[in-house]
Amino acid sequence: MSPQPDSPHSVRRVVLPSGKTIEIVYFSEAEEPPGVQPSPQRTHDLNVCPECVSGLVYPTMWEEAGDAHWTLQLRCPNCEWTDEGAFDTETVERLDQELDEGAQALVRDLRALTHANMEEELERFVRALDEDQILPMDF
């Protein structure tokens, strides 16, 4: 079913979690599709668990729910709390920023740990060379 040429529409560019970008065209004047009810109880810090106050909450599913809201399923790995709700785009973008910062911290820690492990292995190898503990048959 194609919309009439004079019908109002809006275009929204969405970057998916995979990094792909898609454009969504809305052909109605309604702000939100019927049935989308924003979650009033949580409007900020979606990464913080309301049960155990852990800052490790992450989405297990998210999908767009209209022009200005997203439906998210959230999970806390600390206490296994879960929740689902519709949240405004600004709140979801803050969660996405927190997730990006967390991923960057993990990558930094992984690099530091890898570097420390490689230094330790290199030191053991050099020590073994100095003490003539490496034989031709080791290769």
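In this structure the side chain of Trp81 reaches within 4.5 angstrom of the side chain of Pro50, judged on heavy atoms. Using a 4.5 Å heavy-atom cutoff, the side chains of Arg75 and Glu80 are in contact. His115 is not listed as a side-chain neighbour of Met118, based on a closest heavy-atom distance of 4.5 Å or more. Looking only at side-chain heavy atoms (C-beta outward), Tyr58 and Pro77 come within less than 4.5 Å of each other. With a 4.5 Å cut-off on side-chain heavy atoms, Glu98 and Asp45 do not count as touching.
Screening Asp88, Val92, Asp96, Leu95 against Trp70 for a side chain to side chain contact (heavy atoms under 4.5 Å, CB included) leaves a single residue, Val92.
In the displayed structure, Glu119 atom CD is contacted under 6.0 Å by more than 12 heavy atoms of other residues, nucleotides or ligands.
Ion pairing of Glu123 with Arg127 is absent here, as no side-chain N (NZ or NE/NH1/NH2) approaches a carboxylate O to less than 4.0 Å. Salt bridge present: Arg124 and Glu120 bring a charged side-chain N and a carboxylate O closer than 4.0 Å.
Under 3.5 Å, the side chains of Gln97 and Glu93 contain no donor-acceptor pair of N or O atoms.
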| task | Tell me, with the steps shown, if Val48 and Val57 meet side chain to side chain contact (heavy atoms under 4.5 Å, CB included). | result | CA-CA 6 Å; Val48 177; Val57 173; 6.0 Å; no

| Checking side chain to side chain contact (heavy atoms under 4.5 Å, CB included) for the pair Glu84/Thr71: CA distance, chi angles, key distance, verdict? | CA-CA 7 Å; Glu84 181 173 348; Thr71 300; 3.7 Å; yes

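Atom CE in Met61 sits 7.0 Å away from atom CG in Leu72 (nearest 0.5 Å). The CG atom of Leu74 sits 6.0 Å away from the CG atom of Asp83 when rounded to the nearest 0.5 Å. In this structure, Asp138 CG and Gln133 CD are separated by 10.0 Å, a value rounded to the nearest 0.5 Å.
Checked by atom type and distance alone, the side chain of Asp109 never pairs as donor or acceptor with a backbone atom of Leu106 at under 3.5 Å. The main-chain N or O of Ala68 is found under 3.5 Å from a side-chain atom of Thr89 such that the two form a donor-acceptor pair.
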